[in-house]
Number of protein chains: 2
Amino acid sequence: MEVKEKLVKSTDLKSEILKQLYLEKSLSCAEMSTLFNKSIPIITKTINELIEEGFVIEVGYAPSSGGRRPLMYAVKPDAMYIMAIAMDQLSTRITIVDLNNKPVTEIETVEMVLNNNSVALAELISYIDSYIIKSGIKKDNILGIGIGMPGFVSVKDGINYSYLDANGEKLTDYLAKATGLPTYIDNDSSIIALAEQRFGIAKSLTEVMVINLGWGIGLGMIVKGDIFRGYSGFAGEFSHIPVFEDGVLCICGKQGCLEAEASMLVVVKKAIEGIKQGRLSTLHSFIDDPLKLMGDAIFDAANNGDQFVIELLSDAGYKIGKALSILIHIMNPQTIVLSGRGAKAGKIMMAPMQQALNKYCIPRLAANTELLISDLGFDGEIIGAAALVMENFDNEQLAINTKRLNMVKL
Amino acid sequence: MEVKEKLVKSTDLKSEILKQLYLEKSLSCAEMSTLFNKSIPIITKTINELIEEGFVIEVGYAPSSGGRRPLMYAVKPDAMYIMAIAMDQLSTRITIVDLNNKPVTEIETVEMVLNNNSVALAELISYIDSYIIKSGIKKDNILGIGIGMPGFVSVKDGINYSYLDANGEKLTDYLAKATGLPTYIDNDSSIIALAEQRFGIAKSLTEVMVINLGWGIGLGMIVKGDIFRGYSGFAGEFSHIPVFEDGVLCICGKQGCLEAEASMLVVVKKAIEGIKQGRLSTLHSFIDDPLKLMGDAIFDAANNGDQFVIELLSDAGYKIGKALSILIHIMNPQTIVLSGRGAKAGKIMMAPMQQALNKYCIPRLAANTELLISDLGFDGEIIGAAALVMENFDNEQLAINTKRLNMVKL
DNA sequence: TAAACTTACTAAAATATTTTAATAAGTTTT
DNA sequence: AAAACTTATTAAAATATTTTAGTAAGTTTA
């Protein structure tokens, strides 16, 4: 533990400790004292209150580092639960996790198209309600709902400008009213980046760019250790920067977008065309169900040495690499993480990507940036959605839940 | 005043107040109380100490907002001085400013080429020494030296990897030893961005991209209200991103860089070529002294309606605009500021730039970004260099200077 | 294996900070 | 023009936080 010192208001200490314990497996009083720049007595007092209130438990002694062994504290996993929802264009996953991010009931996947679907919002609410009932967990025990979704999401305004219109009302307010639970939304890629920085391969790093390889190519940015959203909340529109001169026409209406040249959707389309034109591939059996192709089949094919698929992924990788070189020039990140549903494809894409970085980056920058593949993979968005709720956990939330836990005791 | 609340350690309150007073013209106790989240008594006590020690003065009453008029406090301008140095490839400007950023002695410009100049560092030191002597200001009264310089500057390492090599030693340490004053360095564009955000047209904005129009095209980034430098300190390498397919060969060795297509150097080169080929321009009298062309002549010509120059600048503006659209997609800034020596040219470039933004940006992003021209202009780098010293002002610095001021009194 | 050194935890004393209440000095309303 | 309302400043009381010192429990060194 050599986490950088945090500055917190004394009144926020309690919720901040709980947040920190959610992020770390366990901490000693001394560690928290240095972390929060508070004296040991005040930490001890606060921790004891948290134990008294049922949020924190002792988890034994850590190995000695040359003196008395420190007593470690951790969050009580079942003190509160979080509902985590991960949406994409075609399907939505719902689960409820405990404070160790462990699903307490199985992740449920429902097919729901977002585009031009005026009943999507109503459906989502009904899915949420029935899932909570099925789970057997009392609503009072759920801290809130975190949702990752594609589109132009403004966290500040609580609105997704692309999907799930709530008749002009704040989507977060609308969902909170409908479900009776505090609701937080964010862009899927941002949420995946949050998961990678809090619990994944980029844990505790401060400058991280996370590429969300889904049907499209998303970017989640971690700047100075936190999600970066830009001024109006639309930062990271990576896939629509003009990289290729006179390229394919993109759905966004412009030419030369990365997404129109190198997304998984494009790879699949090219695969279908190629197979139809007689190219040999193990994927020919999927040709009638192209959208399901993505479901690991394409990566499995690549991993099994399917030449055609490898060729297609390599080409996409090189193009993404060229765009990444632009990103690196501007952001100079420590790490780039390939994550999201298609993270597996990252393995095949990595070599051509690195090749493009070497070609298009100033050497000093290429040398200072490492390219990694997520180990969270498809779970990233779920974990990120849960983490989003805890990001917003504050004293107010704590007070509500303290009351609740005390009520239960009586 | 509705500045966002700052979290400061109690032990840092004194230096933080002084820093804040350097940035604002004046503040009342109540304002500082809300700003720093401290009680009025503690602010009063601290301010009185600062007055006692000679750093702060009362500057009268502010207009009432419906009650007793607040007593305003400001920094004592001559309590300390700052040496500010602005370097570019060809010349270096030196001055000493007071705590109102007013030069106390005239800004001195010396010709000094940075590239392949092994004696540049020694020259710089001698310029500094002689300027201090000439100024008549005691070294003890100078808080430190702030230097803006082109090149790959790593603030963390205190090294400029492009110029001013100090035999592997930290440049900041070397200069501090040689001059006897704490020295801080940063990239010229970053420092200009700092000036714009602290004292210029982007004052107090949190997400700002500042384009430094000099011989090259620099970028200084303000993210979350502070200079953004990236992980290894090289963020903002805007002018070498691959924007143009198969473009001109750049000095960086790559093709299609913005700098190779649209920098002022390129504009000047094209102007010379054009005039030689018979194009009419009021610049023909400068043809024998191309490097001096830049010295306002090119902007004057444009402002006077010189068609050829306007054409060249418009073309450069459009190209910069295309690159800016990439930057906007990634960063989603609130404001883009055209600054630096060539800020004047911004007026002519603005229309084609906006045109490129409209073409290459997703409409929602283009609409959310305003394009402004600096009013600091050529002074930006000097002001930023001074601000850089105050950025690093802390309790330690304060203690040293308190001692000094008390010594003087005895 | 005992002595010396580290580190962790607890309680009391010292210090720092905020809250409260009283007063001063304005503006706006009646 | 007086009364009612705001806002600023000051001093005293109440509260919060840190420092200090003492004890407990381990590791390392001689």
Side-chain angles (χ1 to χ4, degrees), chain A residues 1-3 5-17 20-21 24-53 56-74 395 398-399, chain B residues 1-3 5-17 20-21 24-53 56-74 395 398-399:
Chain A
M1 280 288 306
E2 358 66 32
V3 185
E5 164 184 320
K6 282 185 185 180
L7 243 54
V8 280
K9 274 196 265 182
S10 296
T11 47
D12 294 339
L13 185 59
K14 226 167 177 175
S15 56
E16 289 297 325
I17 284 181
Q20 197 61 34
L21 286 176
E24 312 295 332
K25 274 176 288 291
S26 63
L27 289 169
S28 71
C29 280
E31 284 170 330
M32 290 186 251
S33 172
T34 30
L35 176 63
F36 293 114
N37 238 281
K38 300 278 160 188
S39 66
I40 301 254
I42 208 82
I43 297 283
T44 310
K45 201 194 81 188
T46 311
I47 282 283
N48 284 334
E49 283 174 23
L50 283 168
I51 291 175
E52 182 70 25
E53 290 158 3
V56 168
I57 49 172
E58 296 181 355
V59 287
Y61 295 90
S64 165
S65 58
R68 180 170 166 174
R69 292 180 313 189
L71 187 51
M72 304 303 282
Y73 301 92
N395 259 6
L398 179 64
Chain B
M1 279 287 306
E2 357 66 33
V3 185
E5 163 183 322
K6 282 184 184 179
L7 243 54
V8 282
K9 274 197 266 183
S10 297
T11 47
D12 295 338
L13 185 59
K14 225 168 179 175
S15 55
E16 288 298 324
I17 284 181
Q20 197 61 34
L21 287 176
E24 312 296 333
K25 274 177 288 291
S26 64
L27 290 169
S28 70
C29 279
E31 283 170 331
M32 290 185 252
S33 173
T34 31
L35 177 62
F36 293 113
N37 237 279
K38 299 278 161 191
S39 66
I40 300 254
I42 207 79
I43 297 284
T44 310
K45 201 194 83 191
T46 313
I47 282 284
N48 284 334
E49 282 174 26
L50 283 167
I51 291 174
E52 182 70 24
E53 290 159 3
V56 168
I57 50 173
E58 297 179 354
V59 287
Y61 294 91
S64 164
S65 57
R68 180 169 165 176
R69 290 180 314 190
L71 188 50
M72 303 303 282
Y73 302 92
N395 258 9
L398 179 64

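Residue numbers start from 1 in every chain, and the chains themselves are labelled A, B, ... in the order their sequence lines are given, proteins ahead of strands. These numbers come from the heavy atoms of this one structure, side chains and all, not from hydrogens, waters or symmetry mates.
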Between [N] ([atom2]) and [X] ([atom1]): distance, integer Å:
X	N	atom1	atom2	result
Leu71(A)	dA24(D)	CG	P	17 Å
Leu13(A)	dA16(D)	CG	P	13 Å
Leu27(B)	dA8(D)	CG	P	13 Å
Asn48(B)	dA11(D)	CG	P	10 Å
Glu31(A)	dT7(C)	CD	P	13 Å
Glu58(A)	dA8(C)	CD	P	16 Å

(Q) The criterion is side chain to side chain donor-acceptor pair (under 3.5 Å); which residues satisfy it with Ser33(B), sequence neighbours excluded? (A) none
Q. What is the nucleic acid contact for Ser28(A), judged by heavy atoms within less than 4.0 Å: base, sugar-phosphate only, or nothing?
A.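 Nothing, no heavy atom under 4.0 Å.
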Q. Taking the side chain as C-beta and beyond, is there a heavy-atom pair between Glu31(A) and Met72(A) under 4.5 Å?
A. yes
Q | Counterpart residues, side chain to side chain contact (heavy atoms under 4.5 Å, CB included), relative to Ala399(A) (two or more places apart) | A | none
All N/O donor-acceptor pairs, side-chain side in residues 36-51 of chain A, below 3.5 Å, sequence neighbours left out:
{"residue": "Asn37(A)", "atom": "ND2", "partner": "Glu5(A)", "partner atom": "OE1", "Å": "2.8"}
{"residue": "Asn37(A)", "atom": "ND2", "partner": "Glu5(A)", "partner atom": "OE2", "Å": "2.9"}
{"residue": "Lys38(A)", "atom": "NZ", "partner": "Ser10(A)", "partner atom": "OG", "Å": "3.2"}
{"residue": "Thr44(A)", "atom": "OG1", "partner": "Ile40(A)", "partner atom": "O", "Å": "2.8"}
{"residue": "Thr46(A)", "atom": "OG1", "partner": "Ile42(A)", "partner atom": "O", "Å": "2.6"}
{"residue": "Asn48(A)", "atom": "ND2", "partner": "Thr44(A)", "partner atom": "O", "Å": "3.2"}
{"residue": "Glu49(A)", "atom": "OE1", "partner": "Lys14(A)", "partner atom": "NZ", "Å": "2.9"}

Q: Keeping to residues at least two apart or across chains, list the side-chain hydrogen bond (donor to acceptor under 3.5 Å, both in side chains) pairs with something in residues 57-74 of chain A.
A: none
Return the polar atom pairs (N/O with N/O) between nucleotides 23-30 of chain C and the protein under 3.5 Å, or none.
{"residue": "dA25(C)", "atom": "N3", "partner": "Arg68(B)", "partner atom": "N", "Å": "3.2"}
{"residue": "dG26(C)", "atom": "N2", "partner": "Gly66(B)", "partner atom": "O", "Å": "3.1"}

Hey, what are the protein-to-nucleotides 18-21 of chain D N/O distances that come in under 3.5 Å?
{"residue": "dT18(D)", "atom": "OP2", "partner": "Ser39(A)", "partner atom": "N", "Å": "3.0"}
{"residue": "dT18(D)", "atom": "OP2", "partner": "Ser39(A)", "partner atom": "OG", "Å": "2.8"}

